[in-house]
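Working notes, beginning with the structure itself.
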Amino acid sequence: AGGAGQAPRVPRYVRVNTLKTCVSDVVDYFKRQGYSYLGKAASLEDVSSLSGKKFLLDPHLPELLIFAPQTDLHENQLYAAGHIILQDKASCLPAFLLNPLPGSHIIDACAAPGNKTSQLAAILKNKGQIFAFDLDAKRLATMSTMLVRAGATCYQLAHQDFLATDPADPKYSSVRYILLDPSCSGSGMVSRVPVEEENANLPERLQALSRFQRKMLAHALKFPALQRLVYSTCSVHQEENEDVVLDVLKQWEKEFRLVEVLPSWSQRGLATCAKAKCFLRASPKETLTNGFFVAVLERQPAGASGPR
Ligand code: SAM
């Protein structure tokens with residue numbers, strides 16, 4: 001971690017875009033560029049001690065490579081060609097944990113600028129359909145360029161409020177998966193310097209965000225064929241994370257339950273919250289990533305009563 005006033009150093013994570021290439025080709029490419037490959041990381045220390053032109057394979061995500069902090073690959077040929085995506089490890093978790101089957105229909109409710117959408121397209125092998133929504137036209141335009149570069153084809157972008165979508169619309173009758181990554185305070189982003197007025201109004205701001213996030217989650221759970229949903233934020237605040245999920249689930253506990261995923265992930269939900277083990281948290285200190293939160297919900301099997 002960095003000293004006082006300094007942003008902590010988080011490694012540079014590189015997601016291999018399997019729509020265009022594969023891990024071994026990317027590893028070979030970097031070796032030819034003078035990097036040395038150390039294989040799969042065996043411990044957090046392996047990752048935190050990365051320096052110079054060394055790189056590792058991530059132990060949790062099989063398509064993620066790890067480089068030393070501050071490695072700048074924005075000018076790299078593979079990045080320009082869409083073969084690699086520069087995406088923090090924590091932000092790779094939602095699509096990875098949603099784990100949709102190729103051929104399925106998915107809603108990406110808050111999709112722009114689209115890193116998670118392109119990851120979903122890769123998991124689907126471009127087979128199926130992703131309905132991707134966002135309110136922000138500029139971010140959608142960036143997203144459109146990025147998805148073309150990544151070779152994703154199985155998506156429809158809509159400049160639309162997710163809350164205005166009709167869950168009963170036949171168009172969505174086969175949607176079994178939803179990724180919900182709503183706007184949040186961004187308090188987990190290491191590079192983000194909060195503006196003063198944000199801090200001054202933090203309680204009110206968190207309340208407003210939390211209300212919005214609850215509305216979005218409650219709306220998502222209304223889709224009739226939904227089987228699995230991932231809720232994520234890049235916030236560290238309980239109000240936007242555990243509180244949102246636990247509160248909305250109270251009204252849906254007959255239909256949906258939390259699932260405990262990725263047992264090898266060390267950092268779980270806040271210990272003071274119910275179901276803490278079902279949540280994943282991420283942070284520069286414990287997971288060497290940005291601050292992040294993920295919860296996975298699944299429809300209860302038919303006939304089940306109450307969550308387990
Ligand atoms: N999932 C994106 C990714 O991986 O690149 C990042 C999403 S960002 C955290 C949240 C997005 O939600 C913003 O782009 C914002 O414009 C969008 N948004 C906010 N309210 C929305 C709404 N009611 N319907 C759809 N999108 C919304």
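Along the sequence shown, residues carry numbers from 1. Whatever order the structure lists ligands and atoms in, that order sets their numbers, starting from 1.
Considering only heavy atoms from C-beta on, Q160 stays 4.5 Å or farther from D134 through its side chain.
Ranking the protein heavy atoms by distance from atom 12 (O) of ligand 1 puts C110 CB, 3.2 Å first. The protein heavy atom nearest to atom 13 (C) of ligand 1 is D134 OD2, 3.5 Å. The protein atom (non-hydrogen) at minimum distance from atom 4 (O) of ligand 1 is K116 NZ, 2.9 Å. Closest to atom 18 (N) of ligand 1 among all protein heavy atoms lies S183 OG, 3.9 Å. Closest to atom 8 (S) of ligand 1 among all protein heavy atoms lies R139 NH2, 3.4 Å. Looking only at protein heavy atoms, the nearest one to atom 24 (N) of ligand 1 is F162 N, 2.9 Å.
Against a heavy-atom cut-off of under 4.0 Å, G114 is close to the following atoms of ligand 1: 3 (C), 5 (O). Close contacts of ligand 1 with A112, meaning ligand atoms under 4.0 Å from a residue heavy atom, involve 2 (C), 5 (O), 6 (C), 7 (C), 8 (S), 14 (O). Taking every non-hydrogen atom of D161 and a distance limit under 4.0 Å, the qualifying atoms of ligand 1 come out as 22 (C), 23 (N), 24 (N). Atoms of ligand 1 found under 4.0 Å from any heavy atom of N115 (numbered from 1 in listed order, with element): 3 (C), 4 (O), 5 (O). Per-residue contacts place M216 under 4.0 angstrom from the following atoms of ligand 1 (heavy atoms of the residue considered): 22 (C), 23 (N), 24 (N).
In the model, Q87 has a side-chain atom that pairs as donor or acceptor with a side-chain atom of Q119 under 3.5 Å. Q213 and T233 share no side-chain donor-acceptor pair at under 3.5 Å. In summary, the side chains of T18 and E63 do not present any donor paired with an acceptor at a separation below 3.5 Å, with no hydrogens or angles considered. Using a 3.5 Å distance cut-off with no hydrogens or angles, the side chains of S118 and R149 do not pair a donor with an acceptor. For the residue pair R9/Q70, the side-chain donor-acceptor check at 3.5 Å is satisfied.
Ligand 1 does not have M143 within reach: every non-hydrogen atom of the residue lies 4.0 Å or more from it. A heavy-atom separation below 4.0 Å is found between Q160 and ligand 1. Look at A109 and you'll find a heavy atom under 4.0 Å from some atom of ligand 1.
When ring centroids are compared, Y13 and F67 stay outside the 6.0 Å threshold. Within the 6.0 Å centre-distance limit, the rings of F131 and Y172 are counted as a close aromatic pair. Note: F162 and H219 meet the aromatic proximity criterion, with ring centroids under 6.0 Å apart.
Not a single N or O atom of L163, backbone or side chain, sits closer than 3.5 Å to an N or O atom of ligand 1. At under 3.5 Å, not a single nitrogen or oxygen of F212, backbone or side chain, sits near a nitrogen or oxygen of ligand 1.
The residues R268 and E286 are annotated as not salt-bridged, no charged nitrogen and carboxylate oxygen being separated by less than 4.0 angstrom.
The distance from the CD1 atom of I85 to the CG atom of L73 is 12.5 Å, given to the nearest 0.5 Å.
Nearest to atom 21 (C) of ligand 1 by heavy atom, out of T233, L135, D136, is L135. Remark: among candidates L120, L179, D181, the nearest residue to atom 10 (C) of ligand 1 is D181, based on non-hydrogen atoms.
The backbone of P182, and not its side chain, has at least one atom closer than 4.0 Å to an atom of ligand 1 (non-hydrogen atoms only; backbone = N, CA, C, O). With a 4.0 Å heavy-atom cut-off, ligand 1 is reached by the backbone of A111 but not by any atom from C-beta on.
Stacking of K53 on the aromatic ring of Y35 is recorded, both the 6.0 Å distance cut-off and the 45° axial limit being met.
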